[in-house]
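Heads up, the thing below is written out as structure tokens.
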2 protein chains.
Amino acid sequence: MQRVTIAQVSERAGVSTATVSRVLSGRGPVSAAVQRRVRQAAEELGYQVNTIARALRNSRTDTVGMVVPSISNPFFTSLVESVEHVLEREGKELFLSDARSDPAIEARRLASLAARNVDGIIVSPSHGTESGPAVQETADRLPLVQLDRFVGGTNTDWVGVDDVAAMRLVMDHLHEGGARSAAFVGSLLTNSSTEQRFAGFRRRAEELGMSVDPDQVLLGDYSVDWGEAAAARLVDTGDLPDAIVCADDLIALGVTRACRAHGVEVPGRVQVTGYDNIEFSRLGEPALTTVDQPRDRIAEEAVRLLAAASRTKETDRGPSAHIALVPTLVVRDSTRAGS
Amino acid sequence: MQRVTIAQVSERAGVSTATVSRVLSGRGPVSAAVQRRVRQAAEELGYQVNTIARALRNSRTDTVGMVVPSISNPFFTSLVESVEHVLEREGKELFLSDARSDPAIEARRLASLAARNVDGIIVSPSHGTESGPAVQETADRLPLVQLDRFVGGTNTDWVGVDDVAAMRLVMDHLHEGGARSAAFVGSLLTNSSTEQRFAGFRRRAEELGMSVDPDQVLLGDYSVDWGEAAAARLVDTGDLPDAIVCADDLIALGVTRACRAHGVEVPGRVQVTGYDNIEFSRLGEPALTTVDQPRDRIAEEAVRLLAAASRTKETDRGPSAHIALVPTLVVRDSTRAGS
DNA sequence: AACTTCACTGCAATCGATTACACAGGAGGC
DNA sequence: GCCTCCTGTGTAATCGATTGCAGTGAAGTT
């Protein structure tokens with residue numbers, strides 16, 4: 001399929017392959033006349049570099065791999081979009097893989113990306129502990145940055161938001177709206193996102209004197225279905241809290257939907273908050289109050305860290321960087337606006 | 001980074017690189033004793049093939065490229081998921097690119113995938129005509145299948161659903177629910193999806209004797225925002241049709257949202273339908289009646305066609321295959337249940 | 001006993017681009 | 001006039017895995 005090679009171009013231009021390579025990659029001195037001849041020959045033959053051959057020689061592919069827990073979660077797709085934007089500016093490509101929230105699949109994906117000689121890997125680990133070995137192993141072989149979520153016990157760079165600070169914003173806002181008790185609906189505490197968010201939730205609730213019934217901390221997974229089920233359970237107990245804090249927007253969408261189905265007014269009877277500010281969060285009924293993550297900044301930092309890691313030798317890398325960006329609260333209609 | 005090579009393994013096992021390669025790739029006869037030695041040496045050194053080198057030699061990468069108009073459209077991400085599933089079974093990887101609905105970006109992505117020697121490309125072209133040259137050019141160089149959308153004037157395989165048949169289902173259902181007039185909200189007629197769906201809509205409306213006001217055919221883009229804007233415009237004219245048929249679910253979600261905002265009852269005053277059956281379609285208020293595309297089947301067929309194309313020589317490929325699968329109607333609450 | 005046949009293994013070419021090294025010829029310095 | 005330096009170009013090695021070809025020795029045939 002790949003027909004035209006540098007050899008054919010060199011023949012047509014009447015020069016050596018070395019010269020053609022020098023012209024086309026812009027390295028090394030070549031006289032203007034020869035440059036023209038080579039370029040024209042390349043043009044006429046429709047030459048295109050064979051990136052495979054180049055990669056073998058340079059051991060550089062100008063490709064970054066990215067692994068996310070779930071490509072169907074809009075938050076991750078928007079993160080992917082941001083990363084792709086940034087990479088494009090650098091002339092790099094993105095190789096995207098979906099781990100389907102399964103550490104085993106994730107490990108395979110990471111190995112496969114490493115085998116394909118990507119220049120670096122951006123990963124949002126599926127599991128807070130089980131993802132550890134594969135991530136560490138990969139990080140030992142090539143530059144790796146964790147994004148959004150992170151896995152314990154590894155020594156890699158990380159970029160994300162300060163979940164604890166975010167929850168402080170959320171809780172203060174709810175408190176201001178009159179909430180004195182709150183429930184938490186998240187995924188199982190097996191990933192850093194829910195873990196951190198729950199920690200922030202619990203701490204600020206305590207500081208504000210808001211009551212949290214241990215039975216009203218419901219953990220399932222990041223899905224609308226789980227949000228609906230959890231809300232139904234809360235309603236059934238007949239003891240609704242003043243607010244339901246959700247670990248992400250999908251859950252929150254499920255919660256508000258179930259509330260509507262059960263005739264529980266939001267935010268009249270109960271306030272609800274999400275997290276991530278996915279596009280659909282404003283489509284809920286009512287539109288969700290949520291936490292916005294600065295995706296572009298996150299992507300920017302991640303790519304920067306990767307580039308930095310590529311430049312330094314593995315051995316003299318300093319301690320890993322942990323960059324926590326500051327999220328913002330987006331107030332919509334699922335909470336009572338504080339005056 | 002890539003440390004262990006076949007040469008080191010061969011040295012440790014006391015054989016030639018040729019033998020190592022034969023053992024590891026399972027080709028050619030090797031005595032059991034040597035096999036053991038080689039495998040053990042490979043194991044001990046933690047050898048992993050360098051896929052780049054292999055790809056250069058074999059001119060096969062076991063990688064398929066996929067280009068979609070927008071990775072943030074849930075329909076495409078679910079299509080990607082299906083394709084990835086199927087490819088995994090075949091031991092192939094997916095290289096995903098986002099064209100951001102821009103034929104120019106799309107062309108770059110296609111070229112870049114081709115340069116990376118993917119074994120084949122699956123593309124859902126962004127534009128019904130402007131995507132043509134790049135798609136055709138790429139198809140001339142390697143196996144290519146169009147998915148869902150297609151571009152005119154090219155000679156490639158295509159897999160998708162029968163949009164016209166789908167619209168027949170939709171219109172019959174609406175008619176049964178009492179609709180005698182209908183509006184159509186889609187994207188500009190610059191991609192085959194809207195084009196086909198609109199054609200199907202118009203034809204069946206005529207057959208059923210439903211009236212379609214030319215001013216009530218509104219074309220924008222595939223987004224919730226456009227759906228909202230279009231519905232607002234329809235409401236403002238004060239002359240609402242009995243039904244609003246949307247070219248995709250995002251638009252339909254926007255339409256129902258705007259209806260709610262304007263106090264127009266769905267399906268009481270106006271029935272609304274979507275297309276694609278994305279996960280969020282059931283989260284609308286009311287839940288959307290929509291058309292479900294058999295994504296897994298589509299993915300399956302696409303991969304099958306690619307594989308077939310790879311096996312045959314370019315020159316003796318037969319005429320291109322066009323496979324239109326049959327979609328199904330998913331009836332929810334945005335239409336009036338028939339009978 | 002001479003001749004095939006076959007399993008096994010190694011040598012070396014190959015894929016296509018890059019680049020260290022060598023070399024030619026001209027410019028400039030003394 | 002001789003030496004150095006620089007520009008411009010070619011030759012050939014290199015990246016790592018695969019494979020056609022050839023060679024070796026053992027088993028099987030007549």
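Throughout, a chain's letter reflects where its sequence line sits, starting with A, and its residues are numbered from 1. No hydrogens, no waters, no symmetry mates; every other heavy atom, side chains included, goes into these values. Everything numeric in this text was worked out from a predicted model, so none of it was measured.
- In the set C:dA17, C:dC8, C:dA20, the nucleotide with an atom closest to the side chain of A:R22 is C:dA20.
- Applying the 4.0 Å criterion to OP1 and OP2 of D:dT9, one finds that A:S16 has every side-chain N and O outside that range.
- The interatomic distance linking A:I6 (CD1) with C:dA17 (P) rounds to 5 Å, in whole Å.
- To the nearest angstrom, C1' of C:dT18 lies 12 Å from CG of A:L24.
- A heavy-atom distance below 4.5 Å is found between the side chains of B:L147 and B:M66.
- Of the possible donor and acceptor atoms, one in the side chain of A:Q146 sits under 3.5 Å from a partner among the backbone N and O of A:V151.
- Counting only N and O atoms by type, the side chains of B:Q40 and B:R36 include no donor and acceptor under 3.5 Å apart.
- Side chain B:R57 to base C:dT14: a donor-acceptor pair is found below 3.5 Å.
- Note on A:S21: a side-chain N or O is less than 4.0 Å away from OP1 or OP2 of C:dT18.
- Counting any heavy atom pair closer than 4.0 Å across all strands shown, A:V20 reaches no nucleic acid atom.
- Remark: the backbone N or O of A:I6 is not paired with any side-chain donor or acceptor of A:T17 at under 3.5 angstrom.
- At whole-Å resolution of the value, CD1 in A:I52 and P in C:dC15 are 16 Å apart.
- Here the P atom of nucleotide D:dT18 and the CG atom of A:L56 are 12 Å apart, to the nearest Å.
- For A:S320 and A:D157, the side-chain atoms include no donor-acceptor pair closer than 3.5 Å.
- Rounded to an integer number of Å, the gap from CG of A:N58 to C1' of C:dA20 is 14 Å.
- Side-chain contact of A:H85 with A:R295: a donor-acceptor pair under 3.5 Å is absent, judged by distance alone.
- Between the axis at the start and the axis at the end of the helix from C:dA1-D:dT30 to C:dC30-D:dG1 there is an angle of 50°, using five pairs per end and rounding to 10 degrees.
- Taking atom CD of residue B:Q48 and atom P of nucleotide D:dA17, one finds them 11 Å apart after rounding to whole Å.
- Backbone-only engagement by B:V34 is indicated by non-hydrogen atom pairs under 4.0 Å involving sugar-phosphate atoms exclusively.
- Along DNA chain D, the nucleotide closest to A:A53 and the one closest to A:A18 are compared, and the more 5′ of them pairs with A:A18.
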